[in-house]
Amino acid sequence: MFLQEPLEKYLYLNKKQKFVLQKAGFNKVEDLLRHFPNDYKKFVSLKKIRELKPDEEARIGAKILSSKLKRSWKKRIPVVEFLVQDESGILRITWFNQPYLAKTLKQGEFYYFTGKIYRDKSGSLMINPVWALSADRQEKEIEEISNEEKFYPVYPEIYGLSSRWIAEKIKKLLLEIKDIDLPEILPKFILQKYHLPDFKTSVFAAHQPKNPKHFEAVKKRFSFEEIFLLQLSRLKEKISRKKLPAFEMKISRKEINSFIKFFDFELTNAQKKAVKTLLDDLKKPESMTRLLEGDVGSGKTAVAIIISYAALKSGYQIAYMAPTEVLARQIYEEFIKFLKPFRAKIGLLTSSQSRKYPSKAFPNKDTQISKNQLLKWVLGGEIPVLIGTHSLTYEKVKFNKLGLVIIDEQHRFGIKQRGLLAKKTSKELPSIPHLLSMTATPIPRTLALTIYGDLDLTLLDEMPPGRKKIKTIIVPPEQRERAYEMMREEIKNGRQAYVVCPRIEQKSQIAKRKAQSAKFEEKLHQEPEEEIKAVKSEYKRLSEKIFPELKLGILHGRLLPKEKEEVIKKFKKGEIQILTSTSVIEVGINIPNATMILIEGAERFGLAQLHQLRGRVLRSVYQPYCFIFTEHSSQKILARLNALTKSQNGFELAEYDLKFRGPGELTGAKQWGISDIGMLGLKNLKMVEAARTEAEELLREDFELKNYPLLKETISKLSRSPVHLE
Ligand code: ADP
Ligand code: MG
């Protein structure tokens, strides 16, 4: 099949080009054909030679009369000089340093030349123009064709491969497919029902549109396709998972209630409802796959602990994975606090590489044990609760009877890491563990239907009582001092504060495509060098110049685990009053006495992320403040940031981000492996719902997709693991 053949079969690629393409995930013909232009540029309009004026950028269509190769008089560089002619006159064109053109451009043939007009003592000439071939065309056709070619596609570069290079290669591929039929992955009835053009038509419309709007009209097809395929695969996974046996956990409501009595607060109604739903899930013969979504500070941990207790009481092990060490430690402490009366052993496993840093297992919390010992106990079942970072997914970690997997801040994990945990239970057990995923990232409905199409959703849409609304203020540069004053005041009153320094975004295309590999995912969570630099210098500035009388601390991802723990401890105890930090504090850190957060370079964060960050100070009964700094004064950026001051609702903000900032920048988007075009579709709820309906319908009629072999094959590549826990 042509589309599946390697690119090299049709394109001449040198070693470097081959390497780059491969690295960026372009292997087959189809891959490159699906690399769409992100813009179309207009050619300069076609002129007659007689109309040309000096200093003007112009385009002409002309026949070559003669060529001459010489060397420039001073520098001895090669110069080719052509005389070209159209019906209005004759023009000189010269190129420096491109002697091969003397052979490439043929006498008597027609070309387009686009470039600037100069004047020298012998008259007008064009220097180093861009040329385009119209080799086999007749002179009279030039005007007609030029209408078609008035604009050209501009492609996103692929690591140094220029748009022009890409354009040429794609042109070549299009020539190859011009006269053959291409396979169509979407069922015909769907194309008809939604008036979508077929694949081949759409590919041509993308790369050689009749006009710049043309592609817009068919983009829908590619968005639909991508979303439909994703939904189909997620739904299929969901249905097949429901067929697998699960660990049934029956635990009396009474027992749970008496456990909840130990809490030093009353559950909110939303928490109660969520607990009930989850407990019901655990009783079912199919395994739970639930996403618990609740704004920062809504109390997800308490729900997780209650469910863990139920699993524990039913005799199963629990794995709790958090995205950062700092958070894992905090969760560990919280589990200890609540499960203390039951003397359950709780293990903490973090940084996998460091031997210096032993693991911990409560009740021997302070007698640190070796990692090997910890893993032995986990394997033997002596430690029923294991809390950790992504190191939980490593090969060596094995459980005896893993019945419940909890993933905190799930959007911070890659797809693979989530799936890996599910397979950790003993091989003799035919069931798969229950999964509770948690996130504070509000997920627009279109995403919930697509990316999380295989998960059941529960919302924690209520905050614990007594929480104040965060006052969010965008601080203009000249009022920086005032913000610092307010901070000083707040700290005098006994509160604490965060100062967050910006993240330098990683935005390479390759990063997106490579996001599948586990190693890479780890890297995604590491902070770039610049970010560390920024936080270090800010820490220095603040502690020496602004707040010399206060106690400041610094936190970032490159500190040793021990150091991080120390910093958090000190902050918790109030020994640090202002914590300067990178966005590591974004997730989950819970220090109720901190009531003020100042965010530098806010334009670098997504709204959802900023909302998460300010959630750090929404943990108590004090009035919380969020100060937002940005060096940018562009209206667009300010408008976006302004949304934060108006809305306290993560959902609204996420929708806003999706609409205005571009979906690729939504938190976690990197890991979904969705293309820009697919993302575009996610802005369209109607389309997403239609795709969902069609996917459901199709699976109902033909679950194995027997009638759609191409669809079946593609879907099987999309689904990631037989356990498909995500
Ligand atoms: P998140 O949902 O962001 O993970 P946490 O679980 O960390 O939020 O909870 C935030 C804070 O709220 C914690 O200090 C927790 O003890 C507290 N909390 C949770 N539930 C309640 C409740 N029902 N009433 C009062 N405080 C609560
Ligand atoms: Mg949390």
Side-chain angles (χ1 to χ4, degrees), residues 256-257 259-276 278 290-309 320-340 387-389 406-413 436-443 457-470 495-496 498 568 571-572 583-595 597 608-622 624 626 648-651 653-654 667-668:
I256 295 285
N257 286 344
F259 173 63
I260 296 175
K261 281 214 188 84
F262 283 103
F263 286 42
D264 47 13
F265 48 74
E266 173 94 2
L267 292 187
T268 63
N269 283 328
Q271 282 171 322
K272 282 181 193 160
K273 236 167 74 193
V275 166
K276 180 171 180 333
L278 290 168
R290 197 167 280 279
L291 180 64
L292 180 64
E293 185 180 352
D295 219 335
V296 268
S298 59
K300 294 184 289 293
T301 320
V303 175
I305 288 175
I306 295 167
I307 292 307
S308 301
Y309 176 75
Y320 190 123
M321 185 159 78
T324 62
E325 282 193 23
V326 172
L327 188 55
R329 251 154 235 292
Q330 181 183 298
I331 301 288
Y332 173 69
E333 305 278 343
E334 271 176 87
F335 265 73
I336 288 173
K337 184 173 141 202
F338 287 103
L339 293 176
K340 202 170 198 165
I387 293 164
T389 55
I406 300 176
I407 294 172
D408 204 355
E409 310 289 350
Q410 62 107 30
H411 62 280
R412 301 274 302 212
F413 288 101
L436 173 62
S437 247
M438 305 197 290
T439 184
T441 307
I443 303 164
L457 194 67
T458 295
L459 294 182
L460 270 192
D461 50 4
E462 183 186 356
M463 283 287 175
R467 299 272 167 84
K468 299 237 167 54
K469 278 193 173 164
I470 302 181
R495 305 285 82 74
Q496 288 162 283
Y498 298 97
I568 296 282
F571 195 50
K572 223 169 208 168
S583 53
V584 282
I585 62 144
E586 170 193 346
V587 275
I589 300 274
N590 182 23
I591 295 175
N593 193 45
T595 55
I597 186 165
Q609 210 183 356
L610 288 166
H611 184 64
Q612 279 259 15
L613 279 170
R614 72 175 169 179
R616 291 315 107 213
V617 294
L618 189 68
R619 321 224 127 216
S620 69
V621 293
Y622 302 109
C626 170
Q648 303 265 334
N649 179 324
F651 269 92
L653 292 171
T667 322

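Atoms within a ligand are numbered from 1 in the order they appear, just like the ligands themselves. What you are looking at is a predicted structure, and each value in this text was computed from that prediction instead of being measured.
- Of all the heavy atoms in Asn593 and Gln496, the pair that sits closest is ND2-OE1, 2.9 Å.
- Within ligand 1, the atoms closer than 4.0 Å to a non-hydrogen atom of Ser298 are 2 (O), 8 (O), numbered from 1 in the order shown.
- For ligand 1, none of its N or O atoms has an N or O atom of Gly294 under 3.5 Å away.
- For ligand 1, the atoms lying closer than 4.0 Å to a non-hydrogen atom of Glu266 are 22 (C), 23 (N), 24 (N).
- Counting heavy atoms from C-beta on, the side chains of Ile406 and Met438 come closer than 4.5 Å.
- Taking the side chain as every heavy atom from C-beta outward, Glu325 and Ile568 never approach each other to under 4.5 Å.
- Considering backbone and side-chain N/O of Glu334, none are found under 3.5 Å from N/O of ligand 1.
- Below 4.0 Å from some heavy atom of Thr301 lie the following atoms of ligand 1, by number and element: 4 (O), 5 (P), 6 (O), 7 (O).
- Shown in contact with Leu267 at under 4.0 Å from a heavy atom are these atoms of ligand 1, numbered in order with element: 23 (N).
- At least one donor-acceptor pair closer than 3.5 Å links the side chain of Glu462 to the backbone N or O of Asn269.
- Residue Gln271 holds its CD atom at 11.5 Å from CG of Leu278, rounded to the nearest 0.5 Å.
- Taking the centre of each ring, Phe263 and Phe338 come in below the 6.0 Å mark.
- Judged by distance alone, with hydrogens and angles left aside, the side-chain atoms of Lys300 form no donor-acceptor pair with the main-chain N or O of Leu292 at under 3.5 Å.
- Any N or O atom pair closer than 3.5 Å counts here, and Pro464 shares no such pair with ligand 1.
- Ligand 1 lies within reach of Gly297, whose nearest heavy atom is under 4.0 Å from it.
- Here Thr268 has heavy atoms under 4.0 Å from ligand 1 in both its backbone and its side chain.
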